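Here's the structure, in structure tokens; my notes come after.
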Amino acid sequence: MKLSQMYIPTLKEDPANADVVSHKLMLRSGMMRKLGSGIYTFLPLGQRVINKFQAIVKEEMNNSGAQEVLLPALQPAELWSESGRLENYGPELMRLNDRHEREFCLGPTHEEVITDLVRDEVRSYKDLPINLYQIQTKYRDEIRPRFGVLRSREFIMKDAYSFDIDEAGLEESYNDMYDAYERIFDRCGLEYRAVKADTGTIGGDDSHEFMVLADAGEDTVVYCDSCDYAANLELATAKVEAEKADEELEELELVDTPNSSTIAELMSELDLAAEKMIKAVLYENDEQVVLALVRGDYEVNEIKLSNLFDVVNIELAAEDKYEELDTVKGYTGPVNLDDVEVIADELVMKVVNGVTGANQREKHYLNVNPGRDFEVDQVADIRTVKEGETCPECGGTLEQTPGIEVGQVFKLGTKYSEALDATFLDENGKPQPLVMGCYGIGITRTIAAAIEQNHDDYGIKWPTALAPFTVHLLPLGGGDDVENKAQELYQTLNEAGVEVLLDDRNERAGVKFNDADLIGSPIRITIGSRSLSDGELEVKLRQSDEEMNIDADNSIAEIKELIANEIK
RNA sequence: CGGAGCAUGGCUCAGUUUGGCAGAGCACCUGGUUUGGGACCAGGGGGUCGCAGGUUCAAAUCCUGCUGCUCCGACCA
């Protein structure tokens with residue numbers, strides 16, 4: 001393409017209302033514009049990147065035996081009632097009514113639609129396995145859209161769904177997708193980790209997230225420094241190393257603790273370590289109120305806690321629940337607290353002569369001992385792990401880093417097929433529920449994540465696989481020689497199938513260089529009157545900043561070699 | 001939903017405290033000079049100051065209500 005003919009409205013200044021790097025650069029480089037909160041228009045440059053990434057995704061999906069379809073974004077709410085997610089998915093589901101007041105929603109994901117399709121079409125085990133995927137615009141009514149396209153309300157996603165006759169088949173489908181995802185993100189040159197993940201509202205048994213490591217990430221990846229254990233912080237576990245202290249059990253004692261409703265205040269009031277404290281937090285879900293106990297130096301992990309129950313959502317209990325149980329917020333404890341299920345973290349059980357709230361304003365108990373002073377209904381891992389803890393698999397040390405979730409694979413099992421009555425006939429002619437898996441990749445989010453990982457102060461440094469153009473031709477000086485050489489290169493490279501952007505604008509050098517840096521093509525070739533008179537072209541690689549001159553007469557061969565090296 | 005902030009030409013912002021002709025830079029158009037890291041000179045076009053009320057001789061500016069957007073939190077694939 002010629003820059004003079006392409007609509008690439010670059011911005012000299014940082015846009016207001018954009019804080020994260022990828023958001024700024026996507027606006028500044030002319031990839032996209034905002035229409036509303038969490039809603040973006042993609043311009044030619046952005047669309048090219050989307051196309052590049054989609055092509056990679058499609059290639060790897062097709063190679064893994066998945067087949068492309070296109071499902072509707074507009075879906076009858078009825079279908080969502082059937083799976084139970086009309087309620088369960090909650091307010092994030094974008095809902096609307098048609099003129100007859102019939103209820104619809106805009107799909108945030110497509111388990112229901114695909115299952116509906118397959119239950120009508122797939123009758124026999126002979127039709128299985130099957131894996132269908134699509135690339136679709138999805139909608140989520142985010143509480144707070146932010147960070148540009150990293151968390152938007154409308155976004156492009158690739159989603160695939162596998163259907164197998166049994167768990168073994170699912171295992172195979174799942175592994176195929178997992179491998180395909182690794183190939184996809186490898187090809188994009190991204191630094192990422194596949195981590196164990198929670199299944200959230202999608203549901204299912206087993207799941208991995210693909211996390212691009214970047215500071216702007218909203219998730220936290222926990223990984224081991226010596227083995228390949230990696231998990232989302234929501235799910236990460238650690239080996240319990242603490243042993244019970246070798247102390248005499250002291251007698252339970254009630255003490256005054258004025259203004260000590262937090263662990264920090266209590267530590268200074270009593271001059272004791274947080275490890276001695278037993279933090280007690282009331283939670284409730286639709287069915288019950290539970291008391292969660294963790295050691296004072298830990299936080300309750302609500303995901304782990306809620307996974308102990310069938311009900312999806314669990315949240316901090318409302319104020320009135322404290323009154324009902326005859327306790328006081330900030331001074332809650334398990335001693336003499338009745339009518340509530342008590343769930344203690346593993347580490348709480350190791351506390352000897354600990355401290356906990358006395359269920360009276362400004363009073364705590366000292367020398368509290370689990371089992372002696374209070375009973376526990378369930379011991380479980382309900383704490384959020386901390387950096388430096390011990391790896392559950394190899395005994396190494398756990399580290400943490402922020403990550404952007406760009407893909408997730410789920411083993412759904414029969415959750416949707418049972419809810420939607422999607423069955424096939426097995427070899428014995430017996431109906432069996434389809435065993436499903438689902439696999440998503442955030443297309444637009446991955447692109448933003450790639451920028452988060454590949455940029456400098458001047459602009460984007462595209463990985464070659466995603467770059468809207470591979471070569472940026474930058475003629476300078478304006479003479480006929482320069483003009484002719486630029487045209488010749490442009491034509492030859494185009495004919496060779498190289499994606500070239502020719503900056504044929506009558507702009508000053510600074511403008512051209514700055515736009516080239518911003519747009520971030522991997523290879524920049526400056527055709528300047530000076531070096532051209534020496535028979536040379538100037539090459540600069542955006543990723544490495546490496547500069548070199550090449551022979552102008554033999555340039556095509558050298559450029560092709562450079563491209564080959566860049567792609568690797 | 002709680003807290004904070006913003007809304008003035010296409011973009012970035014000043015002007016609001018203390019009411020008195022709507023501004024600057026960039027971008028755009030015309031002419032000229034310039035041409036290797038965001039040029040210069042001269043001229044020009046473009047704004048219902050987010051919307052609706054109110055106060056006032058007079059409102060971008062003060063008051064009330066609303067809307068949109070951003071950030072922090074809650075929440076979230």
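Reminder, nothing fancy here: chain letters follow the sequence lines and each chain counts from 1. No experiment lies behind these values; they were computed from the predicted model shown.
- Using a 4.0 Å cut-off between charged side-chain N and carboxylate O, A/Arg183 and A/Glu60 make a salt bridge.
- The C1' atoms of B/C28 and B/U12 are separated by 16 Å, rounded to the nearest whole Å.
- Both distances falling under 3.5 Å, in either a Watson-Crick or a G-U wobble arrangement, place B/C51 opposite B/G65.
- As the counterpart of B/C11, B/G25 is assigned, both hydrogen-bonding distances of the Watson-Crick or G-U wobble pattern falling under 3.5 Å.
- For A/Lys2 and A/Asp503, the salt-bridge test fails: no basic side-chain N is under 4.0 Å from an acidic carboxylate O.
- Phosphate proximity of B/A77 to A/Arg445: absent, as no side-chain N or O sits under 4.0 Å from OP1 or OP2.
- Between B/G54 and B/A59, the two P atoms lie 12 Å apart (nearest whole Å).
- When the P atom of B/A77 is taken as reference, atom CZ of A/Phe210 falls 18 Å away, rounded to whole Å.
- Electrostatic pairing of A/Arg151 and A/Glu142 counts as a salt bridge here, judged by a charged N lying under 4.0 Å from a carboxylate O.
- Taking the side chain of A/Ser37 as heavy atoms from C-beta on, and the options B/A77, B/A39, B/U70, the nearest nucleotide is B/U70.
- When distances run from any side-chain atom of A/Gln408 to the nucleotides B/G73, B/G37, B/A77, the shortest one goes to B/A77.
- The nearest whole Å value for the distance from the CD atom in A/Glu218 to the P atom in B/A74 is 12 Å.
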Assign a letter to each nucleotide of nucleotides 28-36 of chain B from its 5' end: B, base within under 4.0 Å of a protein heavy atom; S, sugar-phosphate only; -, no contact. ------BSB
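- A/Arg33 comes within contact range of no nucleotide atom at all, as no heavy-atom separation falls under 4.0 Å.
- The gap from the P atom of B/A58 to that of B/C1 amounts to 38 Å, rounded to the nearest Å.
- Put simply, CZ on A/Arg85 is 14 Å from C1' on B/C76, counting in whole angstrom units.
- Going from atom CG of A/Asp515 over to atom P of B/G38 covers 13 Å, rounded to whole Å.
- Atom CZ in A/Phe147 sits about 9 Å away from atom C1' in B/C71, given to the nearest Å.
- The pairing partner recorded for B/C71 is B/G3, the criterion being a Watson-Crick or G-U wobble arrangement whose two distances lie under 3.5 angstrom.
- Comparing A/Ile143 and A/Leu35 by the nucleotide of RNA chain B that holds the closest heavy atom to each, the one mapping nearer the 5' end is A/Leu35.
- Comparing B/C63 with B/U70, their C1' atoms sit 26 Å apart, to the nearest whole Å.
- Within 4.0 Å of A/Asp19, counting heavy atoms only, lie sugar-phosphate atoms of the nucleic acid but no base atom.
- Base pairing analysis places B/G37 opposite nothing; no Watson-Crick or G-U wobble pair with both distances below 3.5 Å involves it.
- Pair assignment for B/U30: B/A42, on the basis of Watson-Crick or G-U wobble contacts that are both within less than 3.5 Å.
- Dashed line: the shortest gap from a side-chain N or O of A/Lys34 to OP1 or OP2 of B/U70 is under 4.0 Å.
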Stepwise side chain to side chain donor-acceptor pair (under 3.5 Å) test for A/Asn454 and A/Gln543: CA-CA 8 Å; A/Asn454 296 279; A/Gln543 277 284 354; 3.2 Å; yes
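- Rounded to whole Å, atom C1' of B/G68 lies 11 Å from atom CZ of A/Arg153.
- Between A/Glu111 and A/Arg85, at least one side-chain N (NZ, or NE/NH1/NH2) sits under 4.0 Å from a carboxylate O, which counts as a salt bridge.
- Side chains of A/Asn232 and A/Glu209: a donor on one and an acceptor on the other come within 3.5 Å.
- On the P atoms, B/G23 is 12 Å away from B/G45, given to the nearest whole Å.
- A cation-pi contact, defined as under 6.0 Å to the ring centre and within 45° of the axis, is absent between A/Lys138 and A/Phe155.
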Reading 5' to 3' through nucleotides 6-12 of chain B, protein heavy-atom contacts under 4.0 Å coded B for base, S for sugar-phosphate only, - for none: ------S
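- Taking the P atom of each, B/A7 and B/A14 are spaced 7 Å apart, rounded to whole Å.
- When each of A/Glu142 and A/Ala18 is assigned the nucleotide of RNA chain B with its nearest heavy atom, A/Ala18 is the one assigned upstream, toward the 5' end.
- In this structure, a donor-acceptor pair under 3.5 Å is absent between the side chains of A/Ser306 and A/Glu302.
- B/G31 and B/G38: their C1' atoms are spaced 23 Å apart (whole Å).
- Contacts of A/Lys512 with the nucleic acid, taken as non-hydrogen atoms under 4.0 Å apart, are absent.
- Nucleotide B/G37 holds its C1' atom 13 Å from the CG atom of A/Asp503, rounded to whole Å.
- If you check B/C76 for Watson-Crick or wobble pairing at under 3.5 angstrom, you find it has no partner at all.
- With a 6.0 Å cutoff to the six-membered ring centre and a 45° limit on the axis angle, A/Lys386 counts as a cation-pi contact of A/Tyr298.
- In this structure, A/Tyr40 and A/His23 have side chains that are in contact, with non-hydrogen atoms separated by less than 4.5 Å.
- Of the candidate nucleotides B/A77, B/A39, B/C75, B/C75 has the atom nearest to the side chain of A/Arg146.
- The neighbour count for A/Glu78 CD, taken as heavy atoms of other residues, nucleotides or ligands under 6.0 Å away, does not exceed 12.
- Ring planes of A/Tyr89 and A/Trp80: perpendicular class, angle over 60° (limits at 30 and 60°).
- A/Lys540 places its NZ atom 13 Å from the P atom of B/G37, with the value rounded to the nearest Å.
- Not a single donor-acceptor contact under 3.5 angstrom links the side-chain atoms of A/Arg505 to the base of B/G38.
- Between A/Tyr174 and A/His208, the ring-plane angle classifies as tilted under the 30° and 60° cut-offs.
- Spacing between B/A42 and B/C26 at atom P, rounded to whole Å, works out to 12 Å.
- You'll find a donor-acceptor pair under 3.5 Å spanning the side chain of A/Arg151 and the base of B/C76, going by distance alone.
- Base contact: A/Leu150 has a heavy atom under 4.0 Å from a base atom.
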